[in-house]
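Contents: one structure, followed by commentary.
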Amino acid sequence: MQYLWAFLVGGAICVIGQILIDKTKLTSARILVLFVVAGVILGGIGLYPRLAEFAGAGATVPLPGFGNLLAKGVKQEIDQVGAIGILTGGLKASAAGVMAAVALSFLASLIFEPKSK
C-alpha cells in the first residue's frame, strides 16, 4: 500500500508542475524554485514531514522534499549551535545529496558525449 501512496503523492506533485508549465508563463527554473520554496515553507511549519512519513519516497524525492530537507537541517543546526545554524544547517543537511548529484553528473559527462545547444 505504501508504494501506491508514494506513486500517488509523487504523481500529484508532478501533475502540479505540469499544470504550472501548461497554464502559466512561468519558466521551468521558476517552477523548480517555487517547489523548493514550498518545501521549505511546508517543512518549516511541520506539514511536509507528515506528508513524507505518509508517502515515503513519493514526497522526499521530488523538489519539495529537497526544500523540506533544507528546513529540517536549519532547525536542527539552530538547536545545536544557535543563529549561525541559519547559514550552515541547510548546507550540512543537503551536502551528501548535492555531492552525489555533482559527482554522478560529472561521471555521466565522461561516459557520454555532452553537446551544447
Side-chain angles (χ1 to χ4, degrees):
M1 195 65 179
Q2 188 168 1
Y3 292 123
L4 176 65
W5 288 119
F7 175 77
L8 291 175
V9 170
I13 292 170
C14 292
V15 165
I16 292 169
Q18 191 63 47
I19 290 170
L20 289 171
I21 289 170
D22 292 343
K23 300 294 182 185
T24 67
K25 293 185 180 196
L26 292 173
T27 63
S28 297
R30 288 184 180 182
I31 293 170
L32 296 175
V33 170
L34 179 70
F35 275 154
V36 172
V37 170
V40 168
I41 292 169
L42 292 174
I45 61 176
L47 292 178
Y48 207 85
R50 287 191 228 156
L51 179 64
E53 185 179 323
F54 173 73
T60 58
V61 172
L63 284 169
F66 178 69
N68 176 51
L69 180 65
L70 293 174
K72 181 179 174 184
V74 169
K75 280 183 178 179
Q76 288 176 347
E77 198 70 8
I78 288 174
D79 291 340
Q80 292 177 357
V81 297
I84 193 72
I86 295 169
L87 301 174
T88 62
L91 295 173
K92 283 185 180 180
S94 63
V98 171
M99 180 56 200
V102 170
L104 293 174
S105 297
F106 177 72
L107 183 63
S109 74
L110 293 176
I111 295 171
F112 303 102
E113 292 183 34
K115 298 175 183 144
S116 60
K117 290 184 178 184

*Would you mind reporting whether Asp79 and Gln76 have side-chain heavy atoms less than 4.5 Å apart?*
no

Identify every side-chain donor-acceptor pair in residues 91-101 under 3.5 Å, counting partners at least two apart or on other chains, and give the distances.
unit_1, atom_1, unit_2, atom_2, d
Lys92, NZ, Glu77, OE2, 2.9
Ser94, OG, Gly90, O, 2.7

*If you group Ile, Leu, Val, Met, Phe, Trp and Tyr by side-chain heavy-atom gaps below 4.5 Å, do Tyr3 and Ile13 land in one group?*
no

*Please write out which residues are connected to Ile84 in a hydrophobic cluster, directly or through intermediates, given that two of Ile, Leu, Val, Met, Phe, Trp, Tyr count as joined at side-chain heavy-atom separations below 4.5 angstrom.*
Val81, Leu87

*To which residues is Val74 joined in a hydrophobic cluster, defined by side-chain heavy-atom contacts under 4.5 Å among Ile, Leu, Val, Met, Phe, Trp and Tyr, whether direct or through other members?*
Ile78, Ile86

_Can you tell me how far apart OG (Ser105) and CG (Leu110) are? Round to the nearest 0.5 Å._
11.0 Å

*Could you tell me whether the side chain of Pro64 reaches within less than 4.5 Å of the side chain of Leu42, counting heavy atoms only?*
no

_ring pair (Phe, Tyr, Trp, His ring centres under 6.0 Å) contacts in which one or both residues fall within residues 58-113, not counting sequence neighbours_ = none

*asked:* Quick check: closest heavy atoms across Ala71 and Gly44, and the distance to 0.1 Å?
replied: CB-N, 3.9 Å

*Go through the structure and list residues passing ring-ring contact (aromatic ring centres under 6.0 Å, His included) with Phe54, not counting sequence neighbours.*
Trp5

*Ile31 side, atom CD1; Ile16 side, atom CD1 - distance, nearest 0.5 Å*: 11.5 Å

_Shared hydrophobic cluster, Val15 / Phe7 (ILVMFWY, side-chain heavy atoms < 4.5 Å)_ = no

*Which atoms form the tightest heavy-atom contact between Pro62 and Ala57, and what is the distance?*
CD-O, 3.7 Å

*For residues Leu63 and Phe35, report the shortest heavy-atom separation together with the two atoms involved.*
CB-CB, 3.9 Å

*Linking Ile, Leu, Val, Met, Phe, Trp and Tyr through side-chain heavy atoms less than 4.5 Å apart, which residues share a cluster with Val37?*
Val33, Ile41

*Would you confirm whether Tyr48, through its side chain, and Leu69, through its main-chain N or O, come within 3.5 Å as a donor-acceptor pair?*
no

*asked:* Testing the basics here: between Ala52 and Ala59, what is the closest heavy-atom pair and its distance to 0.1 Å?
replied: CA-CB, 3.7 Å

*Are Val36 and Leu70 side-chain neighbours, meaning at least one heavy-atom pair lies under 4.5 Å?*
yes

